[in-house]
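Scroll down for the structure; my scribbles are underneath it.
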Amino acid sequence: MRRLFVFIVIGALVLGLSTAWAQQKNVRLSIATGGTGGVYYPLGGGMANVLSKYIPYADATAEVTSASVDNCLLVGAKKADMALIMADVGWDAYTGKGKFKGKLPITTLAVLYPNTMHVVTLEGKGIEKMSDLKGKRVSTGSPGSGTEVKGLRVLEAYGLDPDKDMTRDRLGAAESAGAIKDGKIDAYFWDGGIPTASITDLGATPGVKLKLINHGDGVAKMREKYGPLYVKGSIPPNSYPGQDQKIEIAVVWNLLICNADMDEKVAYDIVKTLFEKKPDLIAVHKIAAELVYESQADGSPVSFHPGAVKYFKEKGINIK
C-alpha cells in the first residue's frame with residue numbers, strides 16, 4: 001500500500017509538472033504600435049492581452065513607437081514580431097520605395113480598419129480650407145509616422161510645400177493636441193481611427209471650438225500619383241465634440257504585419273484568435289468592429305503570411 005501510495009504521489013507530481021510545462025509561455029510576441037494619443041497603442045494593447053489570454057504558449061506585449069515607418073523597420077529587422085501600420089507605408093516598405101532604402105521582409109496578418117486623415121484646427125485660426133494652411137504653423141505628424149507620409153501627400157495634392165508654404169512642426173497626436181490648445185500651432189495632421197482620444201479631449205476642452213478641414217477632393221490627385229491605395233471617405237457628424245458636419249477626407253487601410261519568417265502555426269493562431277475573440281478587442285476600442293472577413297481579400301497591397309492565408313481559406317476567403 002505504501003508503494004502504491006508513493007507511485008500515486010509521484011504520478012501526480014509528474015502529471016502536474018507536465019501540465020505546468022505545457023502551459024509555459026515560451027513564445028514572446030511584441031507588437032509595435034504608435035503614440036499614446038492615437039488608436040494604435042490602445043488597440044495594440046488590447047491585441048496583446050487577447051493573445052496572451054487565449055494562446056496558451058504566447059506572452060504578448062505592446063510597445064510605444066513612432067508608428068508606421070518605424071514599425072516596418074522594426075518588424076523587418078526582427079526587433080518587433082508584429083506591428084500596426086498604414087497600407088501606403090507598408091507598400092513602400094514592401095517595394096523598397098519612399099523612406100525605405102530596400103525591400104523589407106514584411107507580410108500581412110490582417111487588414112484592420114480604415115485610417116482616416118484628420119486635419120485639425122480651431123475656430124478663430126482663420127483656416128476654413130486647405131489653402132488657408134499657407135503661412136500658418138502646422139504639425140505634419142511625428143517623424144517616422146504614417147501620418148507624416150500621408151499628410152505630406154495630402155499637402156502635395158493641394159500644391160502646398162510643407163517647408164516653404166508654412167512653418168512646420170513634427171508632433172504626434174497627443175503632442176499636437178496640446179500644442180494647438182496652448183496656441184503654439186495653428187493646425188495639425190493626424191491619421192487614425194474614429195474616435196481618436198486626443199481629438200475628443202481637445203474638442204471637449206472648455207473655451208475651445210474644434211474644426212476639421214475637408215480634403216476629400218485631393219484624393220484623385222493622390223491616386224493619380226501613388227495608385228489605388230487611397231479612397232475618399234468621411235468623418236461622420238458628431239464624431240467629436242463640436243463637430244456637427246460631415247467632413248470629406250482621404251482614407252487608407254491599416255494592417256497588422258509580421259516578419260515573413262514568423263512560424264506558420266504562430267501566425268495562424270494569432271489571426272484565428274484575433275477574429276474569434278473580436279468582442280474582447282471591441283471592449284478596448286470600438287474601431288475593432290471594423291476587423292471583418294470581407295476586407296481581407298483586397299484590403300492589403302502587401303502579401304499575406306501563409307499562416308493567415310490558411311486561416312482565411314478555412315473561412316472561405318480567397319486571398320490573392
Side-chain angles (χ1 to χ4, degrees), residues 34-35 37-43 67-68 84 86-89 111-125 127-133 136 138-141 145-155 157-158 160 171-174 176-177 180-181 185-205 208-223 229-255 282 285-292 295 299:
V39 174
Y40 279 6
Y41 182 68
L43 183 59
S68 294
L84 287 81
M86 290 162 51
D88 50 355
V89 176
V111 177
L112 299 176
Y113 64 91
N115 224 28
T116 53
M117 176 58 79
H118 301 64
V119 182
V120 184
T121 187
L122 304 178
E123 290 282 0
K125 294 289 187 180
I127 302 172
E128 301 293 332
K129 55 188 183 298
M130 289 297 296
S131 59
D132 293 335
L133 292 175
K136 302 293 186 180
V138 182
S139 171
T140 56
S145 69
T147 293
E148 184 177 58
V149 171
K150 188 176 171 188
L152 296 182
R153 291 177 180 181
V154 171
L155 288 172
Y158 288 89
L160 294 169
L171 307 173
S176 291
I180 200 169
K181 193 187 302 184
I185 60 174
D186 301 303
Y188 70 90
F189 285 78
W190 167 250
D191 205 41
I194 303 172
T196 291
S198 56
I199 300 178
T200 299
D201 292 344
L202 176 63
T205 302
V208 164
K209 172 64 175 174
L210 185 72
K211 181 188 286 289
L212 301 178
I213 305 301
N214 287 288
H215 57 276
D217 55 359
V219 170
K221 288 187 177 180
M222 294 170 71
R223 289 172 63 90
L229 294 170
Y230 302 104
V231 294
K232 191 174 180 179
S234 65
I235 299 176
N238 303 311
S239 295
Y240 296 100
Q243 177 242 328
D244 53 9
Q245 296 182 357
K246 181 173 75 172
I247 305 298
E248 300 293 336
I249 59 163
V251 170
V252 69
W253 284 96
N254 287 290
L255 310 175
I282 296 173
H285 199 294
K286 67 180 183 180
I287 199 69
E290 301 282 351
L291 179 67
V292 294
S295 302

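Index from 1, following the sequence.
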Taking the side chain as everything from C-beta on, heavy atoms only, tell me whether [X] gets closer than 4.5 Å to [Y].
X      : Y      : value
Leu202 : Leu122 : yes
Met86  : Tyr40  : yes
Met130 : Val154 : yes
Ile247 : Ser239 : no

Using every non-hydrogen atom in the two residues, find where [X] and [Y] come nearest and quote the distance to one decimal.
X      : Y      : value
Thr147 : Met117 : O-CE, 4.0 Å
Leu210 : Ile199 : CD2-CG2, 3.9 Å
Arg223 : Tyr230 : NH1-O, 2.6 Å
Lys286 : Pro195 : CE-CD, 3.3 Å
Leu171 : Ser139 : N-OG, 3.0 Å
Ile127 : Lys211 : O-CD, 3.1 Å

About how many Å separate [atom2] of [Y] and [atom1] of [X], when rounded to the nearest 0.5 Å?
X      : Y      : atom1 : atom2 : result
Ile180 : Asp186 : CD1   : CG    : 7.0 Å
Leu43  : Asn254 : CG    : CG    : 9.0 Å
Thr140 : Trp190 : OG1   : CH2   : 13.0 Å
Gln243 : Asn238 : CD    : CG    : 6.5 Å
Leu133 : Ile213 : CG    : CD1   : 7.0 Å

When you measure from the side chain of [X] to the backbone N and O of [Y], does any donor-acceptor pair fall under 3.5 Å?
X      : Y      : result
Tyr240 : Thr196 : yes
His118 : Tyr188 : no
Lys125 : Lys136 : no
Glu148 : Phe189 : no
Lys150 : Ala250 : yes
Asn214 : Glu248 : yes

Scan side-chain atoms only and decide if Ser295 and Trp253 contain a donor-acceptor pair under the 3.5 Å cut-off. no
Within a reach of under 6.0 Å around [atom1] of [X], are more than 12 heavy atoms found that belong to other residues, nucleotides or ligands?
X      : atom1 : answer
Gln245 : CD    : no
Lys181 : NZ    : yes
Tyr41  : OH    : no

Identify the residue among Asp191, Thr116, Asn115 that makes a side-chain contact (heavy atoms from CB on, under 4.5 Å) with Ile249. Thr116
